[in-house]
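Reminder, nothing fancy here: chain letters follow the sequence lines and each chain counts from 1.
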Amino acid sequence: MKTQLTLSPEPITEVPPAISDGMGAVVVFHGVVRGTEDGESIAAIHYEANEAMARHQFELIFTAIENQWPVESIRLVHRVGEVAVNEASLRVEVIAPHRAEAFAACQFLIDEMKAKVPIWKRAVR
Amino acid sequence: MKTQLTLSPEPITEVPPAISDGMGAVVVFHGVVRGTEDGESIAAIHYEANEAMARHQFELIFTAIENQWPVESIRLVHRVGEVAVNEASLRVEVIAPHRAEAFAACQFLIDEMKAKVPIWKRAVR
Amino acid sequence: MKVTVKFWSYFRDFTECNETSLEVDDGATLGDLHSAVMEQFPKLAEMNNSTLKAVGVDYQTDDFVLSDGDEISLFPPVQGG
Amino acid sequence: MKVTVKFWSYFRDFTECNETSLEVDDGATLGDLHSAVMEQFPKLAEMNNSTLKAVGVDYQTDDFVLSDGDEISLFPPVQGG
């Protein structure tokens, strides 16, 4: 399984998936900063990461995915620092032979990230 | 809910999602033609659609989604005619406030399509 | 009354026909029509249980009562995606 | 022996400190260390039950036995995405 992990302050740019033979399904998820937090208007969210630990925890999740599903490739970008409203803070791309495992792996990855990867947010008003 | 439905022989080009305020999740699925069908190598798949009925059936599915989940927008492209191996035959984009409903609606849409929308394939060797 | 029947996907290979017209009795149902079509094209009978049936752009069940001029589609399981 | 403790996210607001060093007894566990830290920074005690604890880059439970030089991270529930 190929993996690519990017933690960066740069805006997320769309890149076409690199499909290889036998791969039938690509699932891409974008998490986008919404304009309100706890009912109040915000301008941006500032993301802080414990970067070394975050990288390690992502790698553990990638390994758990590889052990469960026949996934060909995962690319994940999580922004750190300030992300303006309506911009993506997260992009996950999962490529697999069939859609069931691509969707399952993508949702598992996001759920696990939200439980384990040390990244925190702070609303910027 | 905004919807956009395209049935076309043209290759699917990636378009950035049009995020509006309050939308936190974008799920994009690409279905890609795989190089084998029933264990045999193929060059392409030819898709035939009963187009008027396909459009109507997609609209019924969109309405069912709108009645179940707070989805903001759905864009769907299904190619007709010949689609070469490693090219996408289907692109679905679902935008919603949160990821749970975006994933649920996207998977529901594909499952329903595979049961009800009159499109058929034929392997091209 | 007269209805039109369209065949799709490999049903066209079985019937060697894209579209045909049939005379049916007043009050005839979609099930009656399907039986008549299978008599005319015996190869379609093999697909009896997996045949999908629509009138116009909507799926209908066998008890659907046809009207003059209806356009019926008969086709195998769909395979989009 | 001596260990380093790093605070993350709003735990830094509670402690007004990014990082501190502590002397702990040989054989001290992560739970012992956490108790000592809460004594030093009482505001952290309010978050006792929701505090996540790592040694190096791995999560550990309270019975994990510390070694000299360990780097401990204490932080609130994570919120990536």
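- Considering every non-hydrogen atom in both A/A49 and D/W8, the closest pair reads O-CZ3, 3.7 Å.
- Atom CG of D/L52 and atom CE of A/M53 lie 8.0 Å apart (nearest 0.5 Å).
- With a 4.5 angstrom heavy-atom cutoff, A/L90 touches chain D only via side-chain atoms.
- Looking at residues two or more places apart in sequence or on another chain, you find a side chain to side chain contact (heavy atoms under 4.5 Å, CB included) between A/L60 and A/H56, A/Q57, D/D58.
- Using a 4.5 Å cut-off between heavy atoms, A/R122 contacts chain D through its side chain alone, with no backbone atom that close.
- The nearest pair of heavy atoms linking D/Y59 to A/A115 is OH-O, 4.4 Å.
- Along residues 74-81 of chain D, the residues that come nearer than 4.5 angstrom to chain A, judged on non-hydrogen atoms, are D/F75, D/P76, D/P77, D/V78, D/Q79, D/G80, D/G81 in order of number.
- Below 4.5 Å, heavy atoms of chain A meet no heavy atom from residues 38-49 of chain D.
- Residues that satisfy the ring pair (Phe, Tyr, Trp, His ring centres under 6.0 Å) test with D/F64, not counting sequence neighbours, are absent from this structure.
- Between D/R12 and A/E48, the closest side-chain pair of non-hydrogen atoms falls below 4.5 Å.
- Atom NZ of A/K114 is surrounded by more than 12 heavy atoms from other residues, nucleotides or ligands within 6.0 Å.
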